[in-house]
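I have placed the structure first, in the form of structure tokens, so that the comments after it can refer back to it.
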Amino acid sequence: MRSLTPLGLRIAALTQAGSSSKASNIAIDPENGTIYVAVERIDEGVEVDIFRITDGDHDEAEVIASFSSPVIAPCPKPDYLGETLDLHYLPDDRSLVILLAGGDIATLLLEGPDGGVSPVEVVGSVDSGIKAAAWSPDDEQIVMVTGEDNLVCMTRNFDVVHEEPLRTEDFGEDQFINVGWGSKTTQFHGSLGKTAAQAPSTTPTSISHSTDSGLPTITFRGDAAYFAISSLDPYPNAPTQARRQVRIYSRDPNAGFIPRLSATSESLAGLEGGLTWRPSGNVISGLVRYGYEGGGEGREGKWDVAMLERNGLRHGGFELREGKEVWKEGRVRGMSWNSDSEVLAIWIERKDRDVVQLWTMKNYHYYLKQELFSHDPSSPRFKGLKWHPEQALSLYIVGENSVQIRTSVWDTYAARLPMPHDTASVAVVDGQRLLVTPFRTQNTPPPMSSYQLSLPSTPVHVSLSHIEDSAAILFSDGLVQVWDLNTRLPDPKSGSRLRGGGKVAEPKLRYSSTITATQLNKAVPKQVALGPKGKTAVISWVDKDGANGCRVNIVSEDKEDEEELDVEHDVERLLWTAEGELLVFGADGHLTSVASERPLDLDICPRPTALALSPSTSLLFALSPTSKLHLSSLDPSSTSTAIASSVTSFTLTPDFLIYTTSAQTSHYAPLPILQRLAAGEDLLPHEMKWEERRVERGAVVVTACESSMSLVLQMPRGNLETVYPRALVLAVVKQDVVAGAYRTAFLTCRKHRLDLNILYDLDPIKFMANLKDFVDQIPEVDYLNLFVSSLNSADSARVLYADRSREAPSSSSSKPDDKVNSICDALRALVEEKGVAKYVETILTTHVCKQPADYEAGLKVLLQLQADHKEIVEDAIKYIIFLSDVNKLYDVALGMYNFQLVLMVAQYSQKDPKEYLPFLRELRALDKWEQRYRIDDHLSRRESALRNLKQAGPSRFEDAASYLARYELYDEAFELYAEDKEHLPVVHDLYGDYLYDRRDFADAALSYTLAGKPTKALKAYERAHAWRELFTLAKKEEVKRESLLEMVERVTDHLASRGRHLEAAQVFIEHAQDVDSAVDVLCRGTEFAEAYRLVSSHDREDLTEAMIHPGLEEAHEALVEVFDEMEGQLDKEMKRIAELRVIRETNPDSFFIVDNEPDIEGVDVATNATTVASAFTRYTVAPTTVFSQTTKMTGQTSKSKRGKKKATGRRGTVDEYEYLVASIGRLLSRVDEKSAEALILLRHLILASDDHLALAQSLQSTIISFRSKLSDSIDEAWREREDILREVVETGGAGLEDALGIEKSLELVKPVMGSWKGLGVLLRA
């Protein structure tokens, strides 16, 4: 669906050559685009001048070298072929190789020893002359056919590696093996019998045409593995007659690239000399002429471009569209495929002038895309053509005294009209036919089309208007035609595909106009642009006093508005704005306005392969040769922005930019967002995330039609695929919803499987206000049921279709919390007014689809129908069964205690009667409340079952108590029996048991108390350790002395074990009157002050010596042990810190965990052995900790993290040092805590006795000494710590890489030892 659009045209005139000189061949430097032209003069030999044309603003040719040869071609050749047989550029050597037909081989160094061009050097000669020559695509070998018809292969240094006769009777190495299948002798011939099968088959004799030059042609495959030679071979028995044959040779790299004959073509009558191998390698293109004696049979006046396979057999082709006069007197001078195998150039000699036709193939059909003529009518003949070796669509055509450099791009001629008039028409050029397909109404696969426009000649360019349904066509002679296409669009009212039926379109020629050249008729039309009101702008190349120039002509139906403007010579494209302003785009990416009141001067990417302007947003999009998509606004202050890369194609709709990428995805960017981006606004991250869709590999955009919500893609083979992207569908749905066209929006969502919630979520307030219109527009019950059943509580506009949510006119905050239920209730009220009988299914759907489903209300509707509309009850029951879970529906009907409804549901749901009839019979035999209790219990409605048991009377209380205890229905039970004084205590008792089992002893005791169960309450209070409530209740219930003492013993043991010694002593004194036990428990808890008080208040001084003094001594001994343990820990840690400092000095890499070995990627050095933690785990993990290989980590990142963790756990590292420093700091807080305890003990020791005084003095001395030692140790541990932390950062080691890392260590503050004097001078006496 693409056509070739002329983009650039340069004419390089060879002005320095004389009138007798003729250009003959060219070579191209692909690196900088420089052209080298061989210009020759024949005068008793040949004189050759080498011209150089640089790729710049000036197209002047300069002579860089000249040489002559006394030998001319010894064999006859056509007039259009010069003596310079081949001119080839070698990029590695920066040299030219010139081959003359006379046999001379010359080289020209473009960068000689002095930096300039060296003189031409003739390096060799072929005595018999050279008929044909070709270089291999890798520039390593040259193949030529000599005048003696020998095949010669040379290296690039002109060393002969092989020579053999060209003609041979052998077929080649790949000769076919014929086993007779399909031959004439194996076929059934009916009544003719065996004689017909044995009769020899006659093959018509192939004789070359009189216009055949007789010269061989050589062509290489793109990978240089094969080459083919077309030669004119005379018949042995008739030397005056000859035929063309194609021989295919292989180049075996293992044999030094010596050619070997692989295959010979089949006998093709009328085969001519033109030959070119498609670079992709699948076919060889040749030429077959029909209709003359010795040529192809029949079809007089026809030419075929025949495609040959590598084995020499014909495989398809196409017919040249030339008249009989050209067939009779003209010839095909040459053929050549471009570098990407997409375009075949055919050079045809006509009677009055030469033409180069450009053909391309898609979907097995060959299209004639362009016909190129000479720019100078006085010199209509060509001397040669050549494609650029790298730029696929750059063609060089050599004239007698000039060189044309033509650049084209692939372009899709598509109409981008606004909705609802968008036809999505696409025009395809195919010779004198313009194939047009409006994709909105028809999807006609190529090479077919909806209709065709017959044209006077092959058009140069076609432009479809973006304002009206029309097209402008430009021809090479300057003729411009403007057609009204009159495409028929679907009728929205009648629903027919075409308004009025009939043809898809009725095209009509509006007007035609011819642009005439003003200077010697040297003008080449390039492009046409159709603007508003039929105004057409044409850009042409013109000759301005021998220099390249450009001219813009504006023509219209009204001849008075025609204008002619001169513009820059490198203008490549024309654009019309929506306001009717004409813009010209130069090859350098410069966009300017022409004859406009508002001057425009913008820069975008140079030489874009595609350019499009959005009229609605004034956004300009350009696709660069590097596949980057650029965006710019027509605002003069705008700058170009690259918005995507790896883009293969793009198109525009009124709302979206659609583009495909090489990653096989299509993207849909909203134009309003791109408009803000072009204005320089900062976009949120989610605004740059556009809709995407996967496409087939190699698919390119043909066109998009927003009215039909379709995107047409073309696959690499040429077939079409139409998709309906969600972004386009949502845009149309939104427009319909905003306009209140709910039926159209609903049908669109249904067709394209969109979530129907979008109809509500786009504008909830408007939808609820227009719900009546919604029902009126969609009267179909099935459609309403589908809508209701699709409802959900999620906001589809925000969750599923985020772009739509951002553009929605109302925010999500305006939506009701209960979306589904509110819609169901409102819709049900509307349809009930219209008639329950008609909308019964919708009413049932609104009940069942509520959240949660209201089955009971739906079943009530059935009861109502049974009374009012018995004829539709059966269908309604079947529908609600279809819509619901039948088991749930059966249970709900059963729970309504309506056996008639239960039977209806069971019967129509096809449940097995054996499953439900016995149960229903059993229920019918019971009384009312027993029946309902059984039903509720069966349905697991426990609360309702308990209520029914209560209604059954006091006789069923035992069953009710058992039931509520079994299912823990205490809330319901307290509510039911709140006023029942007789049965309420039983409920409290059961509730107390329930709480006791759940270990909620305090509340259980309260419940037991309310139930009048004191024994259970005492037990619960004791388990709750509420000793005050326990002894209060015990005294109230007058518990026996023995039981009370046992109770005291258990309570005090628990209090003492929890450190509540004062409370334990209180229990002993108040409830057991046991002073001895009270004093003992106080001494064990170091509560000596309270112990002294009890001894004094109860006159038990004997307990001082018996209990208090031994308790003091035990407390003293315990404190001394604690301080000894802390001192031992301090000594070990300080010793280890000293060792670590030595390691830091002797082995800093190990200390700071610096890894000096390179990382080995992908190597796992873990073993199967279990690693046991070292002794250092005294400060880290338990000594029994092991690290097992069962803990697995995946990925290289996880492995490196695991290695770092192992490194930080090694002994002798900075991590161990930092841990020891922190451990010493933590020891200080423990010392302060124990020092405070010791101070209290010292106050009692000093008053006890002289012996206890000595103990006090010893304890105080020990504490003061240890505190001083700890203070010094802290200073020593923190010494040089800042230097160590600095070195951790400088070395870059793995030390201190835990969760907080080095930051945590730097924030750590050095602890300071506070002053502690004990009792001071009181212990010095």
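- Classified by interplanar angle (parallel below 30°, tilted 30° to 60°, perpendicular above 60°), the ring pair Y724/H752 is tilted.
- In terms of modelled atom types and a separation under 3.5 Å, the side chain of D927 and the main chain of E930 share a donor-acceptor contact.
- Taking 4.5 Å as the limit, every side-chain heavy atom of V738 sits out of range of all side-chain heavy atoms of D763.
- D782 places a side-chain heavy atom less than 4.5 Å from the side chain of N785.
- By the salt bridge (Lys or Arg N to Asp or Glu O under 4.0 Å) test, E972 pairs with R947, sequence neighbours left out.
- Side chain of N770 to main chain of D773: no donor-acceptor pair is present (N/O by atom type, distance under 3.5 Å, no hydrogens or angles).
- A salt bridge (charged side-chain N to carboxylate O under 4.0 Å, His left out) check over residues 991-1010, counting only residues at least two apart or in different chains, returns the pairs D993-K1016.
- E1070 pairs by the side chain to side chain contact (heavy atoms under 4.5 Å, CB included) definition with Q1066, not counting sequence neighbours.
- When side chains are defined from C-beta on, V1039 counts as touching L1018, because their heavy atoms get closer than 4.5 Å.
- When the ring pair (Phe, Tyr, Trp, His ring centres under 6.0 Å) test is applied to H1061, no partner is found at least two apart in sequence or on another chain.
- When all heavy atoms of A1091 and C1083 are compared, the pair lying nearest together is CB-SG, 4.4 Å.
- Every residue was checked against the ring pair (Phe, Tyr, Trp, His ring centres under 6.0 Å) condition with H1098, not counting sequence neighbours, and none meets it.
- Here the shortest heavy-atom pairing between L946 and A960 reads CD1-O, 3.8 Å.
- The shortest distance between side-chain heavy atoms of L791 and C849 does not fall below 4.5 Å.
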**Study point:** Test side-chain contact (heavy atoms from CB on, under 4.5 Å) applied to Y879 and T845, step by step
**Key:** CA-CA 9 Å; Y879 179 76; T845 306; 2.6 Å; yes

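- Applying the salt bridge (Lys or Arg N to Asp or Glu O under 4.0 Å) rule to R934 yields the partners E922; only residues at least two apart in sequence or on another chain are considered.
- Salt bridge D825/R828: present, at least one basic N to carboxylate O contact under 4.0 Å.
- For residues 832-849, the salt bridge (charged side-chain N to carboxylate O under 4.0 Å, His left out) pairs, not counting sequence neighbours, are D776-K834.
- For the salt bridge (Lys or Arg N to Asp or Glu O under 4.0 Å) test, residues two or more places apart in sequence or in another chain that qualify with D1080 are R1084.
- A donor-acceptor pair under 3.5 Å links the side-chain atoms of T748 to the main chain of T744, judged by distance alone.
- Taking all atoms of both residues into account, the shortest heavy-atom contact from A1034 to M1047 is CB-SD, 4.5 Å.
- The ring pair (Phe, Tyr, Trp, His ring centres under 6.0 Å) analysis of residues 1001-1023, with sequence neighbours excluded, yields the pairs Y996-F1001.
- The main-chain N or O of D795 is never found under 3.5 Å from a side-chain atom of N757 such that the two would form a donor-acceptor pair.
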Exercise for review: List the steps and the verdict of side-chain contact (heavy atoms from CB on, under 4.5 Å) for I823 and M768.
Suggested key: CA-CA 8 Å; I823 296 176; M768 296 302 294; 4.0 Å; yes

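- For the ring pair (Phe, Tyr, Trp, His ring centres under 6.0 Å) test, residues two or more places apart in sequence or in another chain that qualify with F974 are H988, Y991.
- Checked by atom type and distance alone, the side chain of R956 never pairs as donor or acceptor with a backbone atom of L949 at under 3.5 Å.
- The aromatic rings of H1071 and W1027 sit perpendicular, their planes meeting at an angle over 60°, well past the 30° parallel limit.
- Applying the salt bridge (charged side-chain N to carboxylate O under 4.0 Å, His left out) test to every pair with at least one member in residues 1025-1035, sequence neighbours left out, gives no pairs at all.
- A salt bridge between K1019 and E1022 is absent, with no side-chain N of the basic residue lying under 4.0 Å from a carboxylate O of the acidic one.
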Practice item. Applying side-chain contact (heavy atoms from CB on, under 4.5 Å), run through V1075 and I1069 and close with a yes or a no. Key: CA-CA 6 Å; V1075 179; I1069 294 297; 4.0 Å; yes

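- In this structure, Q777 contributes its side chain and R743 its backbone to a donor-acceptor pair below 3.5 Å.
- For F774, the ring pair (Phe, Tyr, Trp, His ring centres under 6.0 Å) test picks out Y742, F767, F787, with sequence neighbours left out.
- In terms of modelled atom types and a separation under 3.5 Å, the side chain of K819 and the main chain of N792 share a donor-acceptor contact.
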